[in-house]
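Have a look at the structure below before the remarks.
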Amino acid sequence: MRGNMERDSNILLEINHMRKGFDGLHVLKDISLSVREGEVISIIGPSGSGKSTLLRCATMLETMDGGELSYLSEKAAWEEDGRCVYAPKNKLKEIHKHFGLVFQNFNLFPHYSVMKNIIDAPVSVDRIPKKEAIERAEKLLLQLGLSDKADAYPYQLSGGQQQRVSIARALALQPKILFFDEPTSALDPELTGEVLKVIKQLASEQMTMIIVTHEMQFARELSDRIIFMEQGLIQAEGSPEEIFASDNERVREFIGKFQS
């Protein structure tokens, strides 16, 4: 676990009683959590427990069936008369600027160069001058060890390089909170290390992050809190020390599979 740093106690994200189902199957049954500025939270649990759906609902790629979602105390969604209501589009557009999402399969535009992948949203969505967007992208590429790849296309990059570009693309919008959906699951062990190194660097810079991961040792070293999900519910939550020493039988069994 990271040291006890002094950090702003501002709550960046608040989820209350989030519910989501598909075709009658309740994937998220009742999820509540809050994330403070500078926190790194890892979400672990077996496949099918609702981890990715939680991220997709939190980033509004999926609509919730019920509950509340707020960023920086601004309500994005809430419940009215038994159904979920979302804020007006112009308000949601502003709320979207608070977060970024890194996918497990990179989701880069194959016909765009690395530079265009990174500057496209800042220029077309946030209306940032192209020169400023390029300067921002160049700094990020330098930070992520990709300065020589600005003109390359995704097919010319390794999986680890593609994932670092997708991290740069998310950071180019200068979000306050970054979500990672199993960022290393599509990578072999050698490439996994280079992506985890980038995430550790971001943590040292106080970037607020929520990371769905199967990398147990990484979660243990990096997280301020670990959340264990199963069957659409948060079954356990605590510091890495508390989770890894948990007397919850399912938590122990799950973590044990990765430590044997």
Side-chain angles (χ1 to χ4, degrees), residues 1-5 7 9 11-22 24-59 62 64-70 79 99 101-102 104 177-186 189 192 195-196 199-200 202-203 207-260:
M1 183 182 176
R2 302 189 298 159
N4 289 329
M5 68 186 92
R7 68 157 71 86
S9 61
I11 292 177
L12 297 188
L13 168 66
E14 190 154 15
I15 294 169
N16 290 310
H17 307 296
M18 179 186 279
R19 301 188 306 282
K20 177 66 180 176
F22 298 98
L25 178 69
H26 299 297
V27 179
L28 299 177
K29 294 173 183 172
D30 185 0
I31 300 289
S32 296
L33 67 96
S34 59
V35 183
R36 295 184 183 277
E37 191 170 351
E39 269 194 304
V40 176
I41 295 176
S42 291
I43 302 178
I44 64 172
S47 296
S49 57
K51 305 183 302 294
S52 292
T53 302
L54 169 57
L55 256 58
R56 291 181 68 82
C57 286
T59 55
E62 297 281 0
M64 306 188 309
D65 294 338
E68 288 182 354
L69 174 67
S70 302
E79 210 164 330
F99 61 81
L101 175 60
V102 177
Q104 55 183 307
I177 183 167
L178 206 50
F179 294 90
F180 292 86
D181 188 5
E182 301 202 18
T184 61
S185 66
T192 291
V195 172
L196 296 182
I199 298 173
K200 285 180 182 177
L202 293 173
M207 185 75 207
T208 309
M209 293 183 282
I210 297 182
I211 308 164
V212 170
T213 184
H214 279 107
E215 301 286 339
M216 292 299 115
Q217 193 53 40
F218 171 74
R220 187 175 195 167
E221 288 173 16
L222 196 73
S223 308
D224 295 296
R225 270 190 291 152
I226 296 177
I227 288 170
F228 175 76
M229 281 184 67
E230 189 172 43
Q231 298 178 337
L233 293 165
I234 293 174
Q235 304 283 3
E237 179 177 358
S239 68
E241 287 85 353
E242 289 167 337
I243 293 298
F244 276 78
S246 174
D247 55 8
N248 180 310
E249 194 176 322
R250 278 298 295 126
V251 174
R252 292 172 73 92
E253 184 186 334
F254 179 79
I255 289 174
K257 286 179 182 174
F258 293 89
Q259 294 181 319
S260 55

Contact summary for Val251 and Ala236, nearest pair of heavy atoms: CG2-CB, 3.7 Å

Show your working on side chain to side chain contact (heavy atoms under 4.5 Å, CB included) between Glu237 and Arg225 and close with a plain yes or no. CA-CA 7 Å; Glu237 179 177 358; Arg225 270 190 291 152; 2.4 Å; yes

Under the 3.5 angstrom rule, does the side chain of Gln235 hit a backbone N or O of Glu230 as a donor-acceptor pair? yes

Atom pair CD1 (Ile15) and CE (Met64), whose distance is rounded to the nearest 0.5 Å: 8.0 Å

Closest non-hydrogen atoms of Ile41 and Ser34, given as atom of the first, atom of the second and distance, are CD1-O, 4.3 Å

CD-CD1 distance between Glu215 and Ile44, expressed to the nearest 0.5 angstrom: 12.0 Å

Should Ile234 and Met229 count as side-chain neighbours, where that means a heavy-atom distance under 4.5 Å? yes

Minimum-distance pair of heavy atoms, taken over all atoms of Ala203 and Val40: CB-CG2, 4.0 Å

Side chains of Thr53 and Phe22, heavy atoms from C-beta outward: is any pair under 4.5 Å? yes

What's the spacing between Ile177 CD1 and Met209 CE if we round to 0.5 Å? 10.0 Å

Any heavy-atom pair between the side chains of Arg36 and Asp224 that's under 4.5 Å? no

Tell me, please, whether Phe228 has Arg250 positioned over its six-membered ring: NZ or CZ under 6.0 Å from the ring centre and within 45 degrees of its axis? no

Identify the two heavy atoms, one from Leu69 and one from Ala58, that lie closest to each other, and give their separation to 0.1 Å. CD2-O, 3.7 Å

So, Ser32 side chain and His17 main chain: donor-acceptor pair closer than 3.5 Å or not? yes

Quick check: do Phe180 and Val195 have side-chain heavy atoms less than 4.5 Å from each other? no

Apply side chain to side chain contact (heavy atoms under 4.5 Å, CB included) to the pair Arg56 and Lys20, showing each step before the final yes or no. CA-CA 10 Å; Arg56 291 181 68 82; Lys20 177 66 180 176; over 6 Å; no

Within the structure provided, determine whether Phe244 and Ile255 are in side-chain contact (heavy-atom separation under 4.5 Å). yes

Look up atom CG in Leu222 and atom OG in Ser42, then write down how far apart they are to the nearest 0.5 Å. 6.5 Å

Option among Asp181, Leu178, Leu13 that satisfies the side chain to side chain contact (heavy atoms under 4.5 Å, CB included) test with Ile210: Leu13

Validate the cation-pi geometry between Lys257 and Phe254: distance from NZ or CZ to the six-membered ring centre under 6.0 Å, angle to the ring axis within 45°. no

At what distance, to the nearest 0.5 angstrom, does OG1 of Thr59 lie from CG of Leu54? 9.0 Å

Within the structure provided, determine whether Arg19 and His26 are in side-chain contact (heavy-atom separation under 4.5 Å). no

How long is the straight-line distance from OG1 of Thr213 back to CG of Leu196, given to the nearest 0.5 Å? 7.0 Å

Please tell me if the side chains of Glu182 and His214 come closer than 4.5 Å, counting only heavy atoms from C-beta onward. yes

Side chain Lys51, main chain Ile211, donor-acceptor under 3.5 Å: no

For the residue pair Ile226 and Pro240, what are the closest heavy atoms and their distance? CD1-CA, 3.9 Å

